[in-house]
Amino acid sequence: MIKKIIPEKDLKTLNKTQELDMFFEGTLKESIDFIERNQLYDVALWKKFVDIFRAKDDGRGDWYVTWRSEFWGKMMRGGSMVTRYTGNEEIYEILENSIRDILSTEDEFGRISGYRPREQFNFWDLWGRKYVMLGLMYFMEISKDEELNKQIIASMSRQADYIIDRIGADKLDIRRCSKHWEGLNSCSILEPIVRLYRLTGNKKYFEFAEYIISTGFILSDNLIELAYNDVSPHDFPVVKAYEMMSCFEGLLQFYYITGIDKYKTALINFGKNIIDTEFSIIGCSGCTHELFDHTAVRQTQTDYEGIIQETCVTVTWMKFASQLLELTGDVKYADKIEQSFYNAYRGSFNTQRIIKNDKRHKDALNTFSGVMPFDSYSPLVADTRGRQTGGYNVLLDNTYYGCCACIGSAGAGVIPEIALLNKKDGFVINYYEKGYINAVTPNGSALKLIIDTSYPYNGTVKFTLELEQSEEFEISFRIPAWCDGATITCKGKTDAVDTGYANLKAVWDSSDEITLELPMKVKRVLPPEGAVNRNIFAAYTYGPLVLAADKRVTNPDAVLEVVCDDSGFVDAKVVDCPEIKDAHICFEVPLKSGKTARLIDYASAGKTWNDASRLAAWLRIK
């Protein structure tokens with residue numbers, strides 16, 4: 001038994017700033033404004049989610065009412081992440097009121113569950129309880145009320161104690177607390193259990209976390225051992241992507257307590273294999289349902305008509321990758337977060353507020369839902385958005401909601417947390433949009449970084465430093481993996497820099513300027529070796545942005561042989577796109593036929609959620 005928690009910072013290469021004192025314009029502001037307006041301000045929605053815990057009928061057996069108890073905690077986690085960045089007092093008050101509301105649903109046994117006791121520990125019960133605790137924990141990170149925090153910890157302790165009294169090595173097997181995915185979803189409660197140990201120091205929580213880890217997360221094998229042995233996720237016996245990453249998030253928290261190198265190796269192997277084998281051109285995983293399925297080679301398939309590229313997977317990956325970035329300091333995680341954010345994630349926003357009533361079940365024939373703020377699945381080859389509500393569940397008032405809608409806010413919340421990270425002798429900057437970042441130098445002085453840029457639509461990024469006094473420290477700038485020919489100009493000198501982190505150590509003075517030039521050109525990207533239909537598809541990127549054919553301007557089903565030079569670059573020009581007024585950028589590209597075609601940023605494509613804006617990221621070249 002460990003007697004003392006290892007300081008988390010001692011096990012990380014990089015660390016988050018304590019306060020997110022920063023502001024960005026551009027896509028992050030657009031995203032957060034949309035999330036606040038269409039979700040976080042909705043007091044009635046928060047109440048509907050809490051009422052699920054009063055009704056406690058999620059275990060009655062109908063499949064579509066068994067995971068509603070995830071909604072509240074999932075949205076509270078994301079809402080707290082966003083509010084940590086924005087400091088929005090009105091949203092904070094809404095969140096606090098909902099916290100007090102959820103605490104009032106605790107029953108006489110100390111449970112906050114959507115299941116009655118006689119139906120508990122089945123289906124998605126532990127999954128929902130996990131999210132309740134995570135929602136409470138993330139709110140505590142922004143809470144201004146110490147007395148409320150004490151109430152939260154006391155409630156979470158009662159919730160956990162009830163579970164530990166009934167589940168364990170000589171009790172009910174946690175892997176048998178669900179009929180889904182060999183108990184993978186239930187084992188993901190590891191994360192809040194570890195976090196609760198860190199809050200309380202109560203050894204029973206550490207021992208329960210040890211028990212969960214000893215199970216290997218599923219009945220038929222040990223996923224931790226498989227990851228440690230460098231097995232790719234699509235070769236695991238269970239391949240449900242979202243739930244699996246959630247379990248490994250818990251393992252990471254356990255590593256931060258114990259410092260056991262084996263777990264660090266397993267985590268790094270797992271993250272590396274997701275990038276190498278499970279990452280699509282838009283930054284998501286899963287081309288057959290919501291599963292790890294060797295996405296890299298399946299992303300150009302045309303014979304599968306089911307759901308793919310789940311938004312829950314995108315956001316969970318972004319969260320997990322942000323933690324691996326801190327753990328390892330490896331720039332590839334920042335690059336992949338950017339790819340996910342600007343493409344799969346931003347593409348999922350229902351910016352045109354399309355209402356699609358989902359009538360999949362007889363009990364919901366007369367349901368009417370408000371606007372789902374996020375789409376659940378993203379196309380790669382020609383298809384439409386808005387095909388289905390992921391995690392569909394009918395609520396008590398006969399409206400419905402979905403899992404991907406609830407998790408969406410956390411995606412935007414990740415970006416400020418990685419924008420600037422601390423290292424031993426300075427800072428690492430990962431995110432480039434117009435705005436400012438306030439920080440504290442290694443010697444404790446105030447630093448303000450003012451950023452002037454049109455990124456991601458232009459590759460010039462200018463930083464101006466404001467310092468209380470001159471000081472020597474190092475600033476590391478992320479040079480994205482997509483970039484060729486980057487330069488940094490500082491103190492009158494211009495240097496070429498390679499991809500990765502470019503480190504500048506200097507005695508910095510107030511008003512010093514640093515300019516990054518990250519050349520952006522439209523470039524052809526071919527499917528990876530071994531991909532299905534590899535010879536008939538190509539994608540086109542512009543900096544971090546994937547471009548798409550949208551039917552409103554270019555037929556995504558047509559053969560589009562774009563003229564490229566020997567390096568794959570395209571002589572494209574920026575043009576207007578009057579047919580799609582909310583397109584962020586539009587390029588006219590030359591075709592071998594002598595004609596031209598227009599491509600827009602993937603995030604803006606397909607937003608009518610019907611065939612009128614059918615889209616494709618992978619375009620046919622044959």
Side-chain angles (χ1 to χ4, degrees), residues 241 278-291 293-314 339-340 342-352 354-358 360 372 374-392 402 404-405 408 525-527 531-534 536-541 545-560 562 579-580 582-583 597-622:
E278 296 298 337
F279 217 65
S280 74
I281 186 72
I282 64 170
C284 188
S285 298
C287 290
T288 47
H289 204 262
E290 301 160 352
L291 313 175
D293 60 351
H294 209 169
T295 299
V297 301
R298 290 181 181 270
Q299 61 183 312
T300 43
Q301 67 188 4
T302 57
D303 57 352
Y304 179 76
E305 297 181 355
I307 54 177
I308 67 170
Q309 302 286 279
E310 185 193 23
T311 300
C312 281
V313 174
T314 302
Q339 188 175 349
S340 300
Y342 283 125
N343 299 292
Y345 177 68
R346 290 269 297 160
S348 71
F349 280 60
N350 184 7
T351 53
Q352 295 193 15
I354 305 299
I355 296 175
K356 292 193 74 169
N357 290 331
D358 198 317
R360 279 181 276 172
M372 289 291 109
F374 295 92
D375 193 6
S376 298
Y377 305 101
S378 297
L380 292 171
V381 298
D383 207 339
T384 58
R385 293 196 189 276
R387 294 176 57 209
Q388 188 171 308
T389 302
Y392 171 97
C404 296
V525 178
L526 297 176
V532 297
N533 300 318
R534 184 175 188 270
I536 66 171
F537 282 107
Y540 299 87
T541 60
L545 306 178
V546 175
L547 303 180
D550 183 302
K551 190 176 178 180
R552 290 170 288 180
V553 294
T554 296
N555 181 5
D557 294 285
V559 174
L560 298 170
V562 177
E579 301 92 335
I580 309 176
D582 53 355
R598 281 181 291 165
L599 305 177
I600 67 170
D601 59 296
Y602 179 88
S604 299
K607 292 307 179 84
T608 66
W609 284 20
N610 58 28
D611 193 60
S613 64
R614 184 174 170 88
L615 80 150
W618 286 109
L619 308 179
R620 288 184 178 271
I621 58 175
K622 293 183 182 179

- Correct closest heavy-atom pair for A548 and A605 would be CB-CB, 4.0 Å
- Message: I need the Q299 CD to I281 CD1 distance, nearest 0.5 Å.
- Response: 6.5 Å
- Message: Can you tell me how far apart CD1 (I600) and CG (L545) are? Round to the nearest 0.5 Å.
- Response: 11.5 Å
- Among L619, T302, L526, find the residue that satisfies the side chain to side chain contact (heavy atoms under 4.5 Å, CB included) test when tested with F537. T302
- Message: Taking the side chain as everything from C-beta on, heavy atoms only, tell me whether D550 gets closer than 4.5 Å to I580.
- Response: yes
Which side-chain N or O atoms in residues 343-350 pair as donor and acceptor under 3.5 Å with protein atoms at least two apart or in another chain?
{"from": "N343", "atom 1": "OD1", "to": "V546", "atom 2": "N", "distance (Å)": "2.8"}
{"from": "N343", "atom 1": "ND2", "to": "Q339", "atom 2": "O", "distance (Å)": "2.9"}
{"from": "N343", "atom 1": "ND2", "to": "P544", "atom 2": "O", "distance (Å)": "3.0"}
{"from": "Y345", "atom 1": "OH", "to": "G408", "atom 2": "O", "distance (Å)": "2.7"}
{"from": "Y345", "atom 1": "OH", "to": "A412", "atom 2": "N", "distance (Å)": "3.0"}
{"from": "R346", "atom 1": "NH1", "to": "T27", "atom 2": "O", "distance (Å)": "3.4"}
{"from": "R346", "atom 1": "NH1", "to": "S31", "atom 2": "OG", "distance (Å)": "3.0"}
{"from": "R346", "atom 1": "NH2", "to": "E30", "atom 2": "OE1", "distance (Å)": "2.8"}
{"from": "R346", "atom 1": "NH2", "to": "H584", "atom 2": "NE2", "distance (Å)": "3.3"}
{"from": "S348", "atom 1": "OG", "to": "Y345", "atom 2": "O", "distance (Å)": "2.6"}
{"from": "N350", "atom 1": "OD1", "to": "R353", "atom 2": "N", "distance (Å)": "3.2"}
{"from": "N350", "atom 1": "OD1", "to": "I354", "atom 2": "N", "distance (Å)": "2.9"}
{"from": "N350", "atom 1": "ND2", "to": "I354", "atom 2": "O", "distance (Å)": "3.0"}
{"from": "N350", "atom 1": "ND2", "to": "M372", "atom 2": "O", "distance (Å)": "2.9"}

- If we only count heavy atoms from C-beta on, is the S613 to R385 side-chain gap below 4.5 Å? no
- Full working for side-chain contact (heavy atoms from CB on, under 4.5 Å) between D557 and R620: CA-CA 7 Å; D557 294 285; R620 288 184 178 271; 5.9 Å; no
- Show the numbers, then the answer: is there a side-chain contact (heavy atoms from CB on, under 4.5 Å) between Y377 and E290? CA-CA 9 Å; Y377 305 101; E290 301 160 352; 2.6 Å; yes
- Item | Y540 and V525: CA distance, side-chain angles, deciding distance, side-chain contact (heavy atoms from CB on, under 4.5 Å) verdict | CA-CA 6 Å; Y540 299 87; V525 178; over 6 Å; no
- Note on the structure: Separation between NE2 (H294) and OG (S285), nearest 0.5 Å, reads 11.0 Å
- Within the side chain of N533, is there an N or O that forms a donor-acceptor pair under 3.5 Å with the backbone of I536? no
- Interatomic distance, T311 atom OG1 to D375 atom CG [nearest 0.5 angstrom]: 6.0 Å
- Query: Only one of K607, K551, R598 forms a salt bridge (Lys or Arg N to Asp or Glu O under 4.0 Å) with E579, so which one is it?
  - Reply: R598
- Would you say the side chains of S280 and Q309 form a donor-acceptor pair under 3.5 Å? yes
- Query: Mind checking whether T554 and L560 have side chains closer than 4.5 Å, heavy atoms only?
  - Reply: yes
- Do the non-hydrogen side-chain atoms of L547 and Y602 ever get within less than 4.5 Å of each other? no
- For D383, all residues meeting side chain to side chain donor-acceptor pair (under 3.5 Å), sequence neighbours excluded: R387
- Considering non-hydrogen atoms only, spot the tightest contact between Q301 and T288 and give its length. NE2-CG2, 3.9 Å
- Item | From CD (E310) to OG (S376), nearest 0.5 Å | 7.5 Å
- Task: Mark yes or no for whether D293, through its side chain, and C287, through its backbone, hold a donor-acceptor pair below 3.5 Å.
- Result: yes
- For T295 and C284 the tightest heavy-atom approach is CG2-O, 4.1 Å
- Item | CA sep, side-chain torsions, deciding dist, call: T384, N610, side-chain contact (heavy atoms from CB on, under 4.5 Å) | CA-CA 6 Å; T384 58; N610 58 28; 5.7 Å; no
- Note: R552 and A612 closest approach over all heavy atoms is CG-O, 3.3 Å
- Query: If you look at every heavy atom in S340 and G283, which pair is closest and at what distance?
  - Reply: OG-O, 2.7 Å
- Query: So do the side chains of L615 and P379 get within less than 4.5 Å of each other, counting heavy atoms only?
  - Reply: yes
- Item | I308 CD1 to L380 CG distance, which is reported to the nearest 0.5 Å | 4.0 Å
- Task: Please identify each residue that fulfils ring pair (Phe, Tyr, Trp, His ring centres under 6.0 Å) with F279, with sequence neighbours left out.
- Result: W317
